[in-house]
Amino acid sequence: MDNKPLTTVNLSVKNLKRNPFRTAGLIFLVSLFAFTLFGGTVLSKSLENGMNNLSKRMGADILAVPYGYEADIQSALLRGEPSTFYFDAGITEKVKGVEGVKDVSPQLYIATLNAGCCAYPLQLIGFEPKTDFIIQPWLTNSLDHLLGDGEIVVGNSINAEAGQKLKFFDRTFLVVARLDKTGMGFDTSVFMNLSTANQVARDSERLKAHPVAENENLISSVMIKIENGYDVKDVANNILQAYAKESVHVVVTKNMLSDISGNLRGLTAYIYILAGVLWVLAVSVLLVVFSVTLNGRKREFGIFRTLGAPRNKLVKLILCESSLISLFGTVAGIVAAALVVFPFSTYIASLVGLPYLQPSYATVFVVAAMSFLLSFLAGPLASAYFAIKIGGFEIYTVMRENE
Amino acid sequence: MNILELKDISKIYGSVKALQNINLQVSQGEWLAIMGPSGSGKSTMINIIGCMDKPSNGSVILDGANISKESAKSLTNVRRDKIGLIFQQFHMINYLTALENVMVAQYYHSMPDEKEALQALERVGLGDRAKHLPSQLSGGEQQRVCIARALINYPKLILADEPTGNLDETNEGIVLDIFKQLHKEGITIIVVTHDPEVAEEAQRTVVLEHGRVARIVPNKE
Ligand SMILES: Nc1ncnc2c1ncn2[C@@H]1O[C@H](COP(=O)(O)OP(=O)(O)O)[C@@H](O)[C@H]1O
Ligand SMILES: [Mg+2]
C-alpha cells in the first residue's frame with residue numbers, strides 16, 4: 001500500500017485504479033483520437049511537403065513514354081517501381097525537333113534488382129549527363145564533371161557516400177554523389193550514364209534475359225522542357241501529332257502533379273474527418289460514462305460533503321479524474337503515433353505511393369502540441385457539466401437516497 | 001450551557017410539513033435520543049442540525065452562533081469544524097482503505113495525519129484493519145470506521161441517524177460502548193433510533209410525531 005498523502009490527485013488516481021477496465025477503455029479511446037490526429041497530421045504534412053518539394057524541383061514539363069506506359073512512368077518516378085518499357089533511342093532527337101520543345105534528355109530504366117547493399121530492390125536509371133536537367137536539381141553540390149563510365153549517383157535512401165564503391169553483378173561502381181531526399185522513387189534509385197546502364201543490363205543477362213542487352217539503342221522515356229511562351233498542352237499535342245504513330249505518348253507533369261495534389265487533399269480531408277469523428281466519439285463516450293457513473297457516485301460525493309469538503313473541491317476531483325484520463329490517453333496516443341510514423345516512414349511512403357518528406361522538427365513539435373491540446377481538452381470538457389452538477393446537489397437528498 | 005438551541009423550527013417540502021414548530025435545547029455534553037415513527041421528521045431534524053439542510057422557518061443556534069441564515073459555504077465550514085456525522089448505512093468510500101477513509105476527513109478538514117488516524121481506528125478496536133478496504137470489512141467494522149472518521153476532527157457534536165439500525169446485537173453493543181465512552185469524555189451526542197435499548201442509554205428522549213415534538217422523556221440517571 002502506498003503511503004502518499006491524500007490529495008485531490010491521489011484520490012482521483014485511487015478511484016481510477018478501482019475501475020481499471022473502465023479507466024483503460026477511456027484512456028484507449030482518447031489515445032485513439034490523439035493517435036489519429038497526430039499521426040494523420042504528420043502523415044499529411046509529410047505528403048504535402050513531399051509534393052511541394054517535387055513540384056519545386058521537377059525539371060521536366062512533359063515526359064514522353066512508349067504508348068500504354070503513362071501510368072508506369074508515374075509509379076517508376078514516384079515509387080521507384082520496377083519498370084521495363086522501352087522505345088527507340090532515336091525518339092530523343094525526333095522530339096527535340098518538335099515546335100516548342102527546348103531541352104530533351106533521355107532516361108533508361110533497367111528493371112530493379114536486389115543489390116548486395118540494400119534490403120529493398122533498386123531501380124537503375126541510365127541518363128545522359130550532358131543534357132540532364134532532372135538529376136541536377138536534387139544535388140546539393142553540382143558534379144564537377146560529367147558522370148563517366150562506371151560512376152554512379154545514388155538516391156538518398158541508399159547507404160553509400162561519395163567515394164565509396166558499390167557492386168552490381170560482380171562489377172564495381174564508384175559513387176560520386178548522393179541525391180537530396182526526394183521523397184519519391186529516386187530515393188531508392190541508382191543513376192549512371194547510358195553506356196554504363198547498358199553494361200549493367202548485359203551483366204544481368206547471366207541471370208535473366210534483358211531486352212536492353214539485346215539492343216543498345218533503347219531508352220525508356222524522354223524528359224522534355226518547353227520553350228518559354230509556349231503552352232505545355234500545345235507542345236504535348238505537337239509531339240502526339242508528329243509521333244503518336246511511332247507509339248510515343250506524353251504525360252504532362254503539371255497535370256500529374258495536380259492529380260497527386262488532388263488525391264492528397266482528399267487524403268488530408270479524410271484524416272481530419274476521421275480525427276473529428278473520433279474526437280466527437282471520445283467526448284460523447286466520456287460524457288455518457290461520466291453521466292452514468294455520476295449517479296453511482298453521488299453517495300461518494302455526499303460522504304465527502306458530510307466530511308466538510310467544499311463544493312469546489314469535488315468539482316476539482318472530477319475535473320482531475322477526467323484530466324488524468326485525457327492526459328494518459330493523449331500521451332499514449334501521441335507516443336504510439338510517433339513510434340509508427342517516424343520509424344516506418346519509408347514503408348508508409350511506399351504504401352501511399354506519393355512523395356513523402358517529413359516536415360521539420362519545429363513543425364512536428366507544433367503538430368504534437370496542437371494534437372495534445374485538442375486531445376487533452378476532451379476529458380475536462382466532457383466532465384465539466386457533471387462536475388458542476390455534482391457541486392450543486394444537496395447532500396441530504398444523497399444521504400437519504402439508499403435508505 | 002446550551003450547545004444547541006432550536007427555536008420554532010419548521011421544514012416544509014412542497015405540501016409535506018416534515019417539521020413543525022420544533023423547540024429544543026441541548027446542553028453541552030448531553031446525550032439525547034430522538035425516537036418516533038418512520039416519516040415523523042427525525043432525519044430532517046438531523047439534517048438541519050448537521051448543516052446539510054436549512055429550516056423553512058425558525059432559527060438554529062449552534063455553539064452560540066445562529067446558523068439558520070448562513071450561506072451554504074459557511075454551513076460546510078460549520079459542519080466540518082463542529083459536527084461528526086454517522087448514518088445508518090455504512091458510508092465508507094469504497095476505493096479507500098479504512099485508514100484512508102479516516103484520513104480523508106482530516107484532508108477535507110485540515111491536514112491528513114496518519115498516526116492520529118491510526119489511533120482513531122485503534123480506539124474503535126480496528127487498529128489491525130487499517131489497510132483493509134470496505135469490501136474486506138463486516139458491516140459492524142465499517143460502521144466503527146465511520147465512527148472513527150466522525151471523531152477524527154474533534155467535533156463538539158456527534159449526530160447519529162440510526163447508527164445501529166443495520167447492526168447485529170454484538171456490534172450494536174460495541175457501538176454503544178463507544179458512545180458511552182464519548183459521553184464520558186464530554187462530547188454531545190444526538191442519536192436517532194428505533195431501538196428502546198439504545199434510547200435508554202441517553203439522558204433524554206425526544207419523541208417526534210408528525211413533525212412535532214410529542215413528548216420529551218427523561219431517562220434513568
Ligand atoms: N427532500 C425531501 N423532499 C420531499 N419530502 C421529504 C424530503 N425529505 C423528507 N421528506 C418528507 O418529510 C417527512 C419526514 O421525513 P424524515 O425526516 O426522513 O422522516 P424519518 O427520518 O423520521 O423517517 C416524510 O414525510 C418525508 O417523506
Ligand atoms: Mg430517517
For chain A, which candidate among B:Met111, B:Arg80, B:Arg79 shows the most heavy-atom pairs at distances under 4.5 Å?
B:Arg79
Only one of B:Ile147, B:Val198, B:Thr164, B:Ile187 passes side-chain contact (heavy atoms from CB on, under 4.5 Å) with B:Phe179, and that residue is B:Ile147
So, the part of A:Arg305 with a heavy atom under 4.5 Å from chain B: the answer is both
A:Leu314 versus chain B, the contacting section by heavy-atom distance below 4.5 Å
side chain
If you tally heavy-atom pairs under 4.5 Å against chain A, which of B:Asn153, B:Asn94, B:Leu85, B:Asp81 wins?
B:Asn94
B:Asn57 (side chain) donor-acceptor with B:Ser10 (main chain) under 3.5 angstrom
no
Quick one: does A:Val341's side chain get under 4.5 Å of A:Leu43's, heavy atoms only?
no
B:Ala72 portion near chain A, given a 4.5 angstrom heavy-atom threshold
side chain
Any donor-acceptor N/O pair, A:Ser322 side chain to A:Leu319 backbone, under 3.5 Å:
yes
Could you tell me if A:Glu321 and A:Asn15 have a donor-acceptor pair between their side chains, going purely by distance under 3.5 Å?
yes
What residue, out of B:Ile83, B:Asn77, B:Leu96, has the most heavy-atom pairs lying under 4.5 Å from chain A?
B:Leu96
